[in-house]
Every structure is written in C-alpha cells, then in structure tokens.
Amino acid sequence: MTDPTADTAATPAPETRGFQAEVKQLLHLMIHSLYSHPEIFLRELVSNAADAVDKLKFEALRHPEFYEREPDLRIVVGYDREARTITVRDNGIGMSFDEVVANIGTIAKSGTREFFAQLSGDEAKDARLIGQFGVGFYSSFIVADRVVLVTRRAGQPGSEGVRWESTGEGEYSIERVERAERGTEITLHLREGHDDFLSRHRLAALIRKYSDHVAVPIVMKKEVWDEEAKGYKATADDETVNQASALWARPKQDITAEQYEEFYRHVAHDGAAPLAYLHARIEGRSEYTLLLYVPAAAPFDLWDREHRHGVKLYVRRVFIMDDAGELVPPYLRFVRGVVDSNDLPLNVSREILQESRDVETIRSGLTRRVLDLLESLANDEKEKYATFWSTFGQVLKEGFVDDHGNHDRLAKLVRFASTQTGTAVQDVGLADYVARMKDRQEAIYFVTGESYAAAAGSPHLEFFRKKGIEVLILADRIDEWVAGTLTEFDGKPLRSVAKGALDLSALADTEEKAAQEQEATALKPLTERLARALGERVKEVRVTHRLTDSPACLVVGEGEVSGNLERLLKAAGQKAPTVVPILEINPRHALVKRIDGEPDERVADWASVLFDEALLAEGAQLPDPAAFVRRLNALVFGAGAVADVAGTAPPAGAGD
C-alpha cells in the first residue's frame, strides 16, 4: 500500500508545443525541397557547435567556474549504423530551457519574415537561402525525420538539463531532464535514402571539406579493419579530424581559395560564395589580423543600421563578440568576417570597446582596407563591381554622410544613372562623366527625384538634352544627402540643374545669348504680373532658357532644401524648412505667349495653373487637386462649357 504522506512529486511529463507559423513553413521547405546538397546539415551543426564553444570561452573570462572541471573544449561527431543515427555533441555554453524555446521554437530573431519575403517559389533555389538567415539548425530535417536535442547551460545545476524533440511536423516536445555534462548534443534519426552518411569516412570527409578551419577540435572515434567482420570497427581512441587552427592565423600561401570560401560560409552562414575577400596582417602601434568578405547577395538585415553582426572580434584567437559593430562603420555593415587583435584586453567589454584608442585604429584600418578592395574591384573587375554596386551601392552612399574623412575615396567608387545611358542602371562614375564633359563645360550637372522616371523626365533637363550635355540622375532616397555633401570632384563643382540661376551662357552661342537677353526684356511685364498673381507662393518669377519643351519649372536657391528633400523629410515625420520656390517660365512656349496676351483678371488663374503644372512635373502633390482641375477646365473650355459638362447651366448673363 502506498504511503499517502510520501513525496509523490515526479518529473513533469514532456510538454508539447506548436512551432511558430514561420517555422512550420521553413520545416516544410526543408523536408520537401529538392535540396541539391543535403550534406550541408553537418556544416551547419558543426558551425553552431563552434559558436557555442566560442561563447563559453568568452563567458568563462568572467566566470571560470563555467568550465566545470572540463577545460578541454571540443566537438564530437559520431554515428550508429544499427540505430541509423548521427550525433553532434559539444561542450560549449549550452542552453537553458527558455533559450531552447527562444532559439528553436521560434526564429523571429533570425529574420524569418525577411527570409520568406525572398522565396521565389522554386524550392531548389529557395533552399539555398537557408544558411543566410541563421536557421542552420533546421537543416537537420533535410536528412532526419526525428531530431532530439539535449542540452544544459554552463553554470546551471544538472537538474536544469533540457530535452527537445521533434519530427518536423509542426510540433515539438520539451522537458527538463537531468544532465551532468554542460553543452549540447543533437541526435539525428535519418530518413530513408540517407544511409550514405552512416560512414566514418563520409563524415570525416565532410568535416575536412566544410569545417577544417574551425578553431575547435572536431573529434571522431578511430576505426580499424575487422578481418572477421569484414568491416571497420570503432575503437575507444579519439582522433581529431580537422586542423583545429584559426584559418586567419595561417599564412595566406597555405590557404586555398576553396578554404577561404568555406570559411566564409561558416562565418557568414551564407550558402553562396563571396564576391571578394581580403586577408591581411597589420603591424605597427596596433597589431591585428583581418579576414573580411564582401557577400555576393545582400544579408536580410542590410537596412537595419543598428543591427550589425557581420564581423566577429577575437583577441589573440579568443572569441570576444559576435557583433563588433564598433569596428565597422555603418556604411560598411555588409562586410562579413573576423578581426583578431593582439592588443585589446581579453576582458574587453562593449563600453571599453567604444572608448578604446586601439579600436579606433582598427576601425580606420579596416575601413581603409575595405575601400582598397572595392577600388581594386572597380578598376580591375568591373563586372564584379557592377554586381557589388547593384546590391550594396545605396548603403555605401551613406558614407558621404557618416565618413567625411573618406569623401574623396567614396567619390571614386560612387555610381549613378545618367542621361548618357538612358537607363536606370547606376553604372556611371564621376571620372567617366568628367572624361566626357563638353568644351567650356565647367560643372558636373545632376538632377534629383523620388524615382528614376520622375528625375529623368524633369523639365530641368531639356536644355541639357538639346545641347547633348550629360546629367547624372540621382533617384535613391540617400542621394539628396549625397548631393548635399559631395560638392566637387576632380576640381569640378557638382551642380543641381534645379537650383539657382544656372549660368548656361558658356554653353550658348552668340546668337542664342542675344535672343535670350531680348526675350527676358520683352517678358519682364509678364513676369511681374505673374509674381503679383502668385503672391507668397513664389519668391520671384523670371525668364529661363533651361527649358525647351515645358512652359515652366520650379527652382530653389543655392544652398536651400530641394523640393524632393523637403518631401522626403516630411514623409519621414521630420520637420523640413519651408522653401519658397522660384517660378521660371519658357519665353518660347505657346502657353506662355498666350498668357502674355491675357487680361489681368485671367492672369491669376493662368498663373495658378502654370505653378501647379510645375509642381506636378517635379513629382509633388498638389495642395488642392480639385481646384486645379476646375481652373484648368474653365480656362481651356470656358466657364459655360464647364458648367454644361457638369450638367448645370451657367447663370444668366455669364460671359465666356
């Protein structure tokens, strides 16, 4: 008979939970896609294990007790042919119950929504995106129909072990278990058709192929030939399979291109090869090693300036932090790789890192080396640079705002669309533009707009097209800020075609100059009438010769905020200074000539139409579109005709 006073508490039963919706999508993709390289699962699991070991080293700097009398760090890979399982075990930092739920039950922190936004519908292609979004653990389900994870975080008692299990069908079970060892063990129960991985030779070859560079010993049991069983038999002896040395610490001549690429896949969690890389050891007042990569495709978090985790920081090969953002300026946040310093203290914290003079030295050196690499691509590998620019050009342009010290270097790297090419492709450098400048042309001309179509269709370009003068088209949102800081190149000033009273006399012949002066004098009364009619809406009205087809355009003074920038600031919820524009009219346009002959009582309406048309031409929204339509209809068709169209007869005595 059971004693009712006895402690009947038992270990809680496993708890079953559902995956986050995005995880279900991802698992379906993993399981059902025709993945071209199922072997990738081992690379991802080993990479995660190596990260766990690195994090233990870092936390143990302050908490040496986390080693728990087991200071020898390693990753163990094994298999069981009879059970058809593969096991990857590490003695790194491990995970708590909450961390397992956060890191495996949900992947919101891994950019999942951005991941699914990039899916193309081609499962074979989509599967290659997996490594780019920090979801490598889920690659286990490519080869396994059941995955079991057992873990315990370093520093926690053995009773805080966690067991997680899932078949990848939308749910998982999780429970607390007793676990003496710290770290994580993952067991994969293989699907049918993947028994080729149940081989030491196969697994060891994959480790050497993908993870030879990992600076943690990856251990497998030695095997010897058993003559009686006619097969290999595992022994009790361990053997390190990989080189277990930091790739960046090796001499460059000892590293193959394939090894550089595999290290990139490890450090960037990217399944594709990098676009370019640099490996350098810098000596001097500060000594450090750089192994940096430029990806071929944009990371999912490219537009988050605050979330930079592309460069890992090591101090004398000891991992310090995953997201050394202080070492990388925001406009180079696409860079991936490793920085290993000999000078920073091992107990470096984020606060110390921000204030250290050595960090500033490393940051400057890293920036200089990356710009060197980009200049080399721009000069010697133009196709690669075109790929880089189409992917990261808008981010690099941020350097004109962030990094005034490197303006000249960035000016050589920047690319724009141009009226010369007639397409939205940004492939024209400032040096290309200068080399094509016309005789007597004194400035580099550009136009800004909220889109390529709006900028390329600007009436401000008409005179330049007539004269065959190239104009750069700046249509990215960042370009307004670029234009405000990039004021000259190679001794040539950059000048907006929509600002100030452009002096185009040097580009006009003698007859044109005489005609322009005569027209300006003849239309002075009209400009005064229009200015009175428009009142405070314009600073002044003047004759222009920058127009050939349009009746009018709006310009702002030199140094003032452009209309496009004013709209961008307001759209972002920021205060923008109110700029009163100048209305410039085309003296040869039929509409201007007609207005010149109108009586004063009709000039006010025509002036408003002219002003609103100019606003529309530069991509602005009209403050009162309905009023513009009514006024235009009345002027074109007459008040009576407009009323008839509206179904209402005009009042008796109404004039035309």
Side-chain angles (χ1 to χ4, degrees), residues 416-420 424 428 430 433 441-467 469-489 492-508 516 527 530 534 537-571 576-587 589 592 610-622:
F416 299 108
S418 163
T419 56
Q420 178 81 8
V428 176
L430 294 176
Y433 183 100
Q441 183 180 341
E442 300 172 351
I444 299 171
Y445 294 108
F446 67 88
V447 63
T448 60
E450 63 181 13
S451 67
Y452 172 80
S458 170
H460 298 97
L461 298 177
E462 293 173 4
F463 173 85
F464 296 89
R465 285 200 171 98
K466 176 183 176 182
K467 291 293 184 180
I469 299 169
E470 184 174 8
V471 179
L472 299 175
I473 297 176
L474 281 60
D476 291 337
R477 294 177 68 88
I478 186 66
D479 283 342
E480 286 286 355
W481 285 267
V482 173
T485 57
L486 180 59
T487 56
E488 69 169 13
F489 177 80
K492 307 289 185 182
L494 271 77
R495 188 168 298 164
S496 170
V497 300
K499 284 189 176 183
L502 281 180
D503 182 8
L504 305 174
S505 59
L507 301 173
Q516 290 170 5
T527 59
L530 292 173
L534 292 171
R537 283 188 284 177
V538 296
K539 187 179 296 183
E540 69 172 295
V541 179
R542 66 193 181 199
V543 172
T544 186
H545 296 92
R546 71 174 98 209
L547 299 174
T548 60
D549 301 318
S550 301
C553 67
L554 296 176
V555 300
V556 297
E558 291 289 350
E560 291 185 327
V561 173
S562 70
N564 186 50
L565 179 54
E566 182 181 358
R567 291 189 292 275
L568 288 174
L569 291 172
K570 288 181 178 178
T578 300
V579 178
V580 180
I582 299 165
L583 179 67
E584 293 191 345
I585 60 173
N586 178 0
H589 196 278
V592 172
L610 208 58
F611 183 84
D612 287 347
E613 282 187 349
L615 275 177
L616 288 172
E618 68 170 27
Q621 294 288 331
L622 296 183

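For the numbers below, each heavy atom of this structure counts, side chains included, while hydrogens, waters and symmetry mates do not. These figures come from a predicted structure and were not determined experimentally.
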Note to self: Ignoring hydrogens, what is the shortest heavy-atom contact between I473 and A456? Give both atom names and the distance.
What the structure shows: CD1-CB, 3.8 Å
Margin query: Under a 3.5 Å distance rule, please check whether R542 uses its side chain to pair with a backbone N or O of I582 as donor and acceptor.
Written below: no
Check: Looking only at heavy atoms, which two atoms of T419 and I469 are closest? And how far apart?
Finding: OG1-O, 4.1 Å
Item checked: Working for side chain to side chain contact (heavy atoms under 4.5 Å, CB included), residues T548 and K467 -> CA-CA 11 Å; T548 60; K467 291 293 184 180; over 6 Å; no
Item checked: Closest contact, heavy atoms only, V538 versus V580 -> C-CG1, 3.3 Å
Notebook entry, point to check: Which residues pass the side-chain hydrogen bond (donor to acceptor under 3.5 Å, both in side chains) test with Y433, sequence neighbours left out?
Noted result: Q441
Note to self: I'd like to check the side-chain hydrogen bond (donor to acceptor under 3.5 Å, both in side chains) partners of S458; sequence neighbours left out, ordered by chain and number.
What the structure shows: H460
Check: Residues in side-chain hydrogen bond (donor to acceptor under 3.5 Å, both in side chains) with S550, at least two apart?
Finding: E462
Check: Are the ring centres of F464 and Y445 closer than 6.0 Å?
Finding: yes
Notebook entry, point to check: So which heavy atom on T487 is nearest to which on G484, and how close?
Noted result: CG2-O, 4.3 Å
Notebook entry, point to check: Going by heavy atoms in the side chains, are L430 and L472 under 4.5 Å from each other?
Noted result: yes
Checklist line | Considering all heavy atoms, the nearest V447-A455 contact | finding: CG1-O, 3.8 Å
Margin query: If I compare all heavy atoms of E442 with all of P493, which pair ends up nearest, and what's the gap?
Written below: O-CD, 3.4 Å
